[in-house]
Amino acid sequence: MTAWFYKWLPILFGCHCRPDRSFFFRGRQLPVCARCTGELIGMALLFPTWVIGHPDAICSLVLLLPLVADGMLQLCTRYESGNFRRLVTGILFGYALANLLLLSSVAAFRRGFEAGLAWRGV
């Protein structure tokens, strides 16, 4: 199972897996970098909290911005963020991205259901 994660997680996340931007556990590098680890944690956190409550689409779009800003700042300047910041921005991004996916899926389901009822004349 571990070999599967180390092979497929970097591919699924499009991760560069750079050692200087990754966490290590017991001397072994995690399969994805700090930012992708955060995204994975954020996505995982959404599902148990979705039933309790979730942010709307606008709030989710705002939660995407810290990762985008941090990435652009690193790309356009000599600034280099640390792994903790990458982790936190990744968590926010992963949470918001999964939330937007679920919000859009629920909206599409509802519209389809309503269209089906209208088509049947109910």
Inset, instruction - Identify the heavy atoms of Val62 and Pro66 that sit nearest to each other, and give their distance. - result: O-CD, 3.4 Å

Inset, instruction - Flag yes if more than 12 heavy atoms outside Phe109 fall under 6.0 Å of its CZ atom; otherwise flag no. - result: no

Inset, instruction - Quick one: sort the Trp8 and Trp4 rings into parallel, tilted or perpendicular, breaks at 30° and 60°. - result: tilted

Legend entry - Residues which pass side chain to side chain donor-acceptor pair (under 3.5 Å) with Arg18, listed by chain and number, not counting sequence neighbours: Asp20

List, one per line, each side-chain donor-acceptor pair under 3.5 Å for residues 25-32, sequence neighbours excluded.
| residue | atom | partner | partner atom | Å |
| --- | --- | --- | --- | --- |
| Gln29 | NE2 | Cys17 | O | 2.8 |
| Gln29 | NE2 | Ser22 | OG | 3.1 |

Inset, instruction - State whether the number of non-hydrogen atoms from other residues, nucleotides or ligands found under 6.0 Å of Ile11 atom CD1 is greater than 12. - result: yes

Inset, instruction - Rounded to the nearest 0.5 Å, what's the gap from CG on Leu40 to CG on Leu12? Could you check? - result: 10.0 Å

Legend entry - From Leu61 atom CG to Leu97 atom CG, the distance as rounded to the nearest 0.5 Å: 10.5 Å

Inset, instruction - Share the residues that join Tyr79 in a hydrophobic cluster, the rule being Ile, Leu, Val, Met, Phe, Trp or Tyr side chains under 4.5 Å apart at the heavy-atom level. - result: Leu73

Inset, instruction - Can you measure from OG (Ser60) to CG (Leu101) and round to the nearest 0.5 angstrom? - result: 11.0 Å

Inset, instruction - Measure the shortest side-chain to side-chain distance between Glu39 and Phe13 over non-hydrogen atoms and say whether it is less than 4.5 angstrom. - result: yes

Legend entry - Pair Arg85 + Glu80: basic N to acidic O under 4.0 Å: no

Legend entry - Test side chain to side chain contact (heavy atoms under 4.5 Å, CB included) applied to Ile91 - qualifying residues, sequence neighbours left out: Ile41, Leu45, Leu87

Inset, instruction - Of all the heavy-atom pairs spanning Ala34 and Phe23, show the shortest one and how long it is. - result: CB-CE1, 3.5 Å

Legend entry - Euclidean distance, Cys36 SG relative to Phe93 CZ, rounded to 0.5 Å: 10.0 Å

Legend entry - Flag side-chain contact, heavy atom, 4.5 Å: Arg86 against Cys33: no

Legend entry - By side chain to side chain contact (heavy atoms under 4.5 Å, CB included) - contacts of Trp50 (at least two apart): Leu46, His54, Asn99, Leu102, Leu103, Val106

Legend entry - Qualifying residues under side chain to side chain donor-acceptor pair (under 3.5 Å), relative to Ser81, sequence neighbours excluded: Asp70, Gln74

Legend entry - Value rounded to 0.5 Å, distance of CG in Asn83 from OG1 in Thr37: 9.0 Å

